[in-house]
There are 2 protein chains.
Amino acid sequence: MSNPNSATIEDVARLAEVSIATVSRAIHSPEKVAKSTRQKVNQAIAITGYTTNALARNLRLGRSNMILVIAPDIGDPNFSSILVGLENEARARGYGILIGHTQNDAQLGLEYLKFINSNQAAGLILFTGVLPYGHQDMVANLPPSVGVFEPVFNGGIPYVGVDDVAGARKAVDLLLSQGHRRIAFIGDARNRLASRRRRQGYSEGMDAAGVPESQRIILDGDGTVESGRLALEQLFMRDTLPTAMMCVNDLTAVGVITGLSARGYSVPADFSVTGFDDVPQAGFLSPPLTTIRQPRSAIGKKAMTLLFDLLANTEGAETEILLVPDLVVRESVGPPRPQ
Amino acid sequence: MSNPNSATIEDVARLAEVSIATVSRAIHSPEKVAKSTRQKVNQAIAITGYTTNALARNLRLGRSNMILVIAPDIGDPNFSSILVGLENEARARGYGILIGHTQNDAQLGLEYLKFINSNQAAGLILFTGVLPYGHQDMVANLPPSVGVFEPVFNGGIPYVGVDDVAGARKAVDLLLSQGHRRIAFIGDARNRLASRRRRQGYSEGMDAAGVPESQRIILDGDGTVESGRLALEQLFMRDTLPTAMMCVNDLTAVGVITGLSARGYSVPADFSVTGFDDVPQAGFLSPPLTTIRQPRSAIGKKAMTLLFDLLANTEGAETEILLVPDLVVRESVGPPRPQ
DNA sequence: ATTGGCGATGTAAAGGTTTACATTTGGGGA
DNA sequence: TCCCCAAATGTAAACCTTTACATCGCCAAT
């Protein structure tokens with residue numbers, strides 16, 4: 001027993017000279033017990049230092065006051081900011097957060113799902129786009145769940161993410177407004193959905209500005225710093241260079257900027273660069289990166305709220321909630337160098 | 001019930017035509033049941049998809065399979081890397097991690113301690129140097145606990161941290177080896193213990209190198225970027241400038257570097273600067289910061305291991321474990337400019 | 001003076017385990 | 001053949017709650 005001398009409801013009942021049922025009622029539905037008894041009970045609680053045993057309570061009630069959060073990498077700063085939003089919302093409702101770190105390992109994912117099958121979690125927040133395969137029975141009777149960032153591939157689970165199209169549109173519109181026309185988009189083949197949507201925002205912006213297809217350049221990397229550098233090399237093998245690079249994410253932008261400095265170019269004097277995500281180091285790059293900020297804490301909050309909606313009534317769940325991210329203007333964008 | 005159609009031990013027993021006691025034994029002490037029955041039971045488990053209800057089990061056993069982790073800021077990247085270490089170690093032992101985010105609010109801290117009093121956590125990891133005041137009874141019967149980073153002020157609780165003296169010594173020795181003699185130390189008045197220890201490392205290094213007291217400069221900030229800038233201003237009001245600034249942490253170093261660039265100086269050509277912590281952006285500063293890396297994941301791992309030692313046998317707990325951090329050489333240190 | 005009804009309280013079952021203790025079974029030694 | 005013992009299994013209590021149902025007392029209405 002973690003708390004060997006902790007009082008039980010029976011101790012309280014004895015001290016207050018009532019039955020345990022009355023004590024339970026005095027705590028959870030005080031309107032059902034007479035004022036005088038309520039006082040006696042409260043006094044007894046104060047004296048004994050009683051706290052109700054959540055294990056017993058949850059067992060009896062057939063539920064749990066925990067939400068399981070499964071993420072591939074809990075060390076990722078993106079993750080931790082979202083965690084804050086999740087946590088606040090859960091605590092406000094008396095729930096605790098249980099975290100699982102899958103390291104992209106399906107076996108570990110399964111291991112964590114056991115917390116669910118053992119009735120230790122009432123709901124599930126998934127940061128990973130795929131539910132662990134293999135134990136279909138486990139997956140079959142999942143509690144209310146919501147995905148974060150990406151829709152869950154094989155779950156038919158509602159999710160909360162960011163409006164990539166709108167975000168990308170803000171970036172491309174900024175570049176266009178500075179006078180850029182020849183803008184390259186560097187995507188991420190590994191993060192298909194987000195990359196496709198951001199590219200769509202790019203295309204819509206270019207369409208709206210009437211930039212002909214011939215002036216558009218679209219490349220694909222894999223979302224890493226290195227792939228940004230590689231994409232830049234590809235660009236420099238072309239006849240005509242773009243005047244701005246719109247990157248699918250900040251890491252790619254770091255690679256591009258590094259590559260440009262290595263070639264002796266200056267950002268934004270020679271080329272403008274934008275990112276997406278607003279990673280912690282974005283403001284410390286030289287130049288500080290103009291990017292799209294993920295509304296991380298808001299996403300967490302929204303996801304948890306949605307989960308509790310689901311917990312309350314299974315029906316009527318929205319299936320996709322997209323939050324519009326903000327543009328963060330720093331110093332990596334300027335007007336194109338006059339030809 | 002989160003999992004409405006989940007099988008109970010009784011279902012398994014019925015199917016295997018044994019008593020529930022036998023099922024329980026087949027699972028948790030298989031050597032006590034005949035091979036043939038064991039097989040029948042396993043088969044029944046496979047068919048029903050039974051998983052033991054952890055709530056009921058823990059209730060009966062009077063313990064929990066959760067560790068509560070309380071931190072002032074779970075969004076802090078420092079925190080999340082430690083979390084990884086904690087998590088790995090806990091999962092390996094079949095424990096889950098419950099996180100609490102106090103936001104430096106004692107009331108919230110107390111709220112989380114309730115998870116303990118309600119028997120939902122078997123152990124406690126504290127990232128905060130102070131236990132919530134007020135409910136002495138709660139604090140009185142705390143489960144096995146360990147602090148991380150700082151000793152817990154009012155708990156007499158063992159802790160795992162970093163050897164600040166040794167770390168600071170590595171930084172000052174690097175500066176000395178480059179030829180610096182006039183080295184300023186900028187401390188943090190708000191983080192007393194760490195600051196004092198790092199300063200001690202500084203002093204020991206200077207002593208060992210035979211640098212007279214007269215050439216040492218010691219200032220105090222409050223650990224923020226802004227305070228680094230302020231400290232720099234103070235330095236520039238002096239008659240003689242140092243050739244290197246050793247900062248109590250990376251944020252202070254950022255302030256110092258920013259201030260130096262603003263004054264038109266170059267790092268490390270004009271002045272060398274070191275930090276401490278190795279925050280995520282340290283490698284992206286210009287110049288990339290030479291600093292001392294906190295062994296975050298190792299700290300988490302060690303803390304959790306220590307906690308399980310405590311859980312196993314209350315006696316013989318080490319009271320302070322300090323891990324020696326590594327020097328990360330980047331580009332903010334060079335030889336002093338010849339006079 | 002009865003009776004009906006209602007508010008307050010008590011009794012006991014149920015939730016799913018684990019395990020001390022009791023019982024059964026089977027085999028080996030006499 | 002009988003008895004004893006050990007191994008295997010079963011029975012039931014306990015862990016701590018919550019809550020349906022039963023009971024009790026009391027007041028108001030008849």
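Heavy-atom basis, side chains included; hydrogens, waters and symmetry copies ignored. Here the structure is a predicted model, which means the values were calculated and not measured. In what follows, chains are A, B, ... by sequence order, proteins preceding strands, each numbered from 1.
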Who are the salt bridge (Lys or Arg N to Asp or Glu O under 4.0 Å) partners of A:Asp163, not counting sequence neighbours?
none
What nucleic acid atoms does B:Thr8 come within less than 4.0 Å of, heavy atoms only: base, sugar-phosphate, or nothing?
sugar-phosphate
Of all pairs that satisfy ring pair (Phe, Tyr, Trp, His ring centres under 6.0 Å), the ones with a partner from residues 52-97 of chain B, not counting sequence neighbours
B:Phe79-B:Phe127, B:Tyr95-B:Phe308
Got B:Gln39 and B:Gln43 here, is their nearest side-chain heavy-atom distance under 4.5 Å?
no
Measure from CG on A:Asn119 to C1' on C:dT17 and round the result to the nearest Å.
12 Å
Nearest whole angstrom, please: distance from the P of C:dA14 to the CD1 of B:Ile9.
18 Å
Kindly point out which of D:dC16, C:dT18, D:dT18 is positioned nearest to the side chain of B:Leu59?
D:dC16
Are more than 12 heavy atoms from other residues, nucleotides or ligands located less than 6.0 Å from atom NZ of B:Lys40?
yes
Which nucleotide in the list C:dT18, D:dT18, C:dT17 gets nearest to the side chain of A:Ser24?
D:dT18
Scan nucleotides 8-13 of chain C nucleotide by nucleotide, 5' to 3', and note B when protein non-hydrogen atoms come under 4.0 Å of the base, S if they reach only the sugar-phosphate, - if neither.
SBBB-B
Within this structure, what is the CG-to-P distance between B:Asn58 and C:dT18, rounded to whole angstrom?
10 Å
Donor-acceptor pair between A:Tyr159 and A:Glu150 side chains, under 3.5 angstrom
no
Rounded to the nearest angstrom, tell me the gap between atom CZ in B:Arg57 and atom P in D:dC16.
17 Å
